[in-house]
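What follows is a single structure, written as structure tokens, with notes after it.
The structure displayed is predicted, hence computed values, not measured ones.
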Amino acid sequence: MKNSSIIEFRNPISKYQHELDSEAVLDYSFSQHDFIQKTIRILENYQFIQSLPEADKSKLIQHLKIRKYYHNQTIYSQNDPCTEINIILEGALKLGWNTTSGKYHTDIFVPSGTIINIVPIVTEQPLLHDHIAQGRTVLANLPGQLFINMIRHHPDALFMVLKLICVRTQLNREQNFISSTESLTTRLAKKLVFLVDYHSYQHKDKILLNLKLSQENLAELLQTFRQSINKELAALANEKIIEVKYNQISILNYAKLSQMAQTAQLLCNTKFL
């Protein structure tokens with residue numbers, strides 16, 4: 001029996017994502033105006049933008065710059081100076097770094113609809129991560145100093161920025177706890193649930209991930225070995241929870257996957273903003 005609502009999106013950028021459902025692939029024929037309109041739709045989802053006067057919102061839009069990147073292109077490198085706020089319009093960003101052992105550590109795949117790099121702008125520090133385009137990617141950039149000047153003069157917007165930073169800090173703390181206490185099976189299930197929330201679309205009775213992730217990519221995310229990921233994916237496939245074909249992961253039983261992702265010790269489950 002077909003299920004027309006396998007996924008109940010609860011993530012903060014779901015409104016933006018649902019509006020783009022008809023735009024299944026990135027259209028590089030879009031004009032500058034089209035991408036500006038997408039940026040406005042994303043900004044409307046963020047409370048600190050809603051708290052700004054209309055004149056300031058218009059000024060932000062006037063200073064937007066649209067940039068396009070190809071798959072695996074390095075946009076910024078670790079320790080680069082940060083001068084711009086980034087808004088991901090299409091594709092995704094892989095944030096990570098090279099370890100001293102020569103392995104690559106992937107921290108997160110940041111989805112479209114997200115504003116990033118507020119912290120290095122506010123702290124005036126260089127970037128902690130490499131920023132690498134995952135798939136064909138489009139960013140809208142805002143001058144960091146303009147952003148700072150605006151929120152400094154509007155307490156409501158400033159509080160909402162503080163709240164956004166606190167949510168992301170809480171999420172990092174939860175992930176650190178889970179990494180040190182939970183099994184690889186649980187951690188992989190949690191990563192897959194995150195990918196469903198932010199990087200997927202529904203096709204008939206399947207949930208397909210937008211990101212083409214290799215076993216090596218998942219091993220980087222979970223700081224383990226590819227062979228271990230292979231074993232875990234095979235077990236999930238045998239239980240008919242997922243299906244893997246040519247780096248395309250499909251979720252067949254989202255309810256079971258979500259159940260596997262539950263942790264016994266941690267009640268909070270912060271969503272990425």
Checklist entry - Would His131 and Asn86 count as a side chain to side chain donor-acceptor pair (under 3.5 Å) if you check the C-alpha gap in whole Å, the side-chain angles of each, and the deciding distance to 0.1 Å? => result CA-CA 11 Å; His131 290 52; Asn86 300 136; 4.8 Å; no
Checklist entry - Taking it one step at a time, do His71 and Gln134 satisfy side chain to side chain donor-acceptor pair (under 3.5 Å)? => result CA-CA 5 Å; His71 178 57; Gln134 187 71 18; 4.7 Å; no
Next on the checklist: With side-chain contact (heavy atoms from CB on, under 4.5 Å) as the criterion, how do Leu139 and Ile87 come out once you've worked through the C-alpha distance, each side chain's angles and the decisive distance to 0.1 Å?
Outcome noted: CA-CA 6 Å; Leu139 300 183; Ile87 305 158; over 6 Å; no
Checklist entry - After noting the C-alpha distance and the side-chain angles of Thr263 and Glu174, does the key distance pass the side-chain contact (heavy atoms from CB on, under 4.5 Å) rule? => result CA-CA 11 Å; Thr263 57; Glu174 290 173 24; over 6 Å; no
Checklist entry - What do the steps show when you test Ser214 against Asn217 for side chain to side chain donor-acceptor pair (under 3.5 Å), and what is the final call? => result CA-CA 5 Å; Ser214 66; Asn217 291 144; 3.2 Å; yes
Item to check | side chain to side chain donor-acceptor pair (under 3.5 Å) between Thr185 and Glu232, worked out | outcome: CA-CA 7 Å; Thr185 299; Glu232 293 291 338; 2.8 Å; yes
Next on the checklist: Evaluate Asp130 against Leu95 for side-chain contact (heavy atoms from CB on, under 4.5 Å), listing each step before the verdict.
Outcome noted: CA-CA 5 Å; Asp130 299 329; Leu95 303 189; over 6 Å; no
Item to check | side-chain contact (heavy atoms from CB on, under 4.5 Å) between Tyr69 and Val138, intermediate numbers included | outcome: CA-CA 6 Å; Tyr69 303 92; Val138 180; over 6 Å; no
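By the side-chain hydrogen bond (donor to acceptor under 3.5 Å, both in side chains) test, Asp107 pairs with His129, sequence neighbours left out. Remark: Ser228 pairs with no residue by the side-chain hydrogen bond (donor to acceptor under 3.5 Å, both in side chains) rule, at least two apart or across chains. Remark: Ile165 pairs with Ile118, Val119, Val161, Thr169 by the side chain to side chain contact (heavy atoms under 4.5 Å, CB included) rule, at least two apart or across chains.
For Arg67, the CZ atom sits in a packed shell: over 12 heavy atoms of surrounding residues, nucleotides or ligands are nearer than 6.0 Å. Remark: Lys103 NZ is packed, more than 12 non-hydrogen atoms of other residues, nucleotides or ligands lying under 6.0 Å away. Environment of CD in Glu124: sparse, with no more than 12 heavy atoms of neighbouring residues, nucleotides or ligands closer than 6.0 Å.
A salt bridge does not link Glu90 to Arg136: none of the charged nitrogens lies less than 4.0 Å from a carboxylate oxygen. Under 4.0 Å is where a charged nitrogen must lie from a carboxylate oxygen, and between Glu54 and Lys57 at least one such pair does.
The two residues Ala157 and Leu52 have their closest heavy-atom pair at CB-CD2, 3.9 Å. In terms of heavy atoms, Thr186 sits closest to Ala261 at CG2-O, 4.0 Å. Contact detail for Ala92 and Thr137: the closest heavy-atom pair is O-OG1, 3.2 Å. Across every non-hydrogen atom of Ile121 and Thr83, the tightest pair is CD1-C, 3.5 Å. Here the shortest heavy-atom pairing between Cys82 and Asn117 reads SG-CB, 3.8 Å. Counting all heavy atoms, side chain and backbone alike, His105 lies closest to Thr99 at CB-CG2, 4.0 Å.
Proximity of Ile66 to Leu89: side-chain heavy atoms (C-beta onward) are separated by under 4.5 Å at one or more points. Looking at heavy atoms from C-beta onward, Leu127 lies out of side-chain contact with Asn79 at the 4.5 angstrom threshold. Looking only at side-chain heavy atoms (C-beta outward), Leu146 and Lys59 come within less than 4.5 Å of each other. Side chains of Tyr254 and Val196 form a contact here, defined as non-hydrogen atoms less than 4.5 Å apart. Between Leu236 and Met260 there is a side-chain heavy-atom pair separated by less than 4.5 Å.
Expressed to the nearest 0.5 Å, how far CG of Leu188 lies from NZ of Lys231 amounts to 13.0 Å. Rounded to the nearest 0.5 angstrom, Gln215 CD and Gln227 CD are separated by 9.0 Å. Rounding to the nearest 0.5 Å gives a distance of 3.5 Å between NZ of Lys206 and CD of Glu243. To the nearest 0.5 Å, atom CG of residue Asn210 and atom CG of residue Leu195 are 10.0 Å apart. In this structure, Leu142 CG and Ile61 CD1 are separated by 7.5 Å, a value rounded to the nearest 0.5 Å. To the nearest 0.5 Å, atom CG of residue Leu252 and atom CG of residue Leu257 are 10.0 Å apart.
In terms of modelled atom types and a separation under 3.5 Å, the side chain of Asp80 and the main chain of Ser77 share a donor-acceptor contact. Between the Thr181 side chain and the Phe177 main chain, a donor and an acceptor come within less than 3.5 Å of each other. For the pair Asn238 (side chain) and Ala234 (backbone), a donor-acceptor distance under 3.5 Å is present. With hydrogens and angles ignored, the 3.5 Å screen pairs a side-chain donor or acceptor of Asn149 with a backbone N or O of Gln145. Remark: the backbone N or O of Asp34 is not paired with any side-chain donor or acceptor of Gln37 at under 3.5 angstrom.
A chain of hydrophobic side-chain contacts below 4.5 Å, direct or via other Ile, Leu, Val, Met, Phe, Trp or Tyr residues, connects Ile151 to Leu64. The cluster map of Ile, Leu, Val, Met, Phe, Trp and Tyr, joined by side-chain heavy atoms under 4.5 Å apart, puts Leu158 and Met160 in the same cluster. By the criterion of side-chain heavy atoms lying less than 4.5 angstrom apart, applied directly or through intervening Ile, Leu, Val, Met, Phe, Trp or Tyr residues, Leu192 is grouped together with Val244 in one hydrophobic cluster. With hydrophobic clusters built from ILVMFWY side chains whose heavy atoms lie under 4.5 angstrom apart, Val193 shares a cluster with Leu218. Tracing side-chain contacts under 4.5 Å through hydrophobic residues (I, L, V, M, F, W, Y), one reaches Leu60 starting from Ile148; they form part of the same cluster.
Counting only residues at least two apart or on different chains, the ring pair (Phe, Tyr, Trp, His ring centres under 6.0 Å) pairs with a member in residues 134-159 are Phe48-Phe147.
In the hydrophobic clustering (ILVMFWY side chains linked at under 4.5 Å, chained through shared members), Tyr104 is joined by Ile132. Side-chain contacts under 4.5 Å among hydrophobic residues (ILVMFWY), followed directly or transitively, place Phe225 with no other residue at all.
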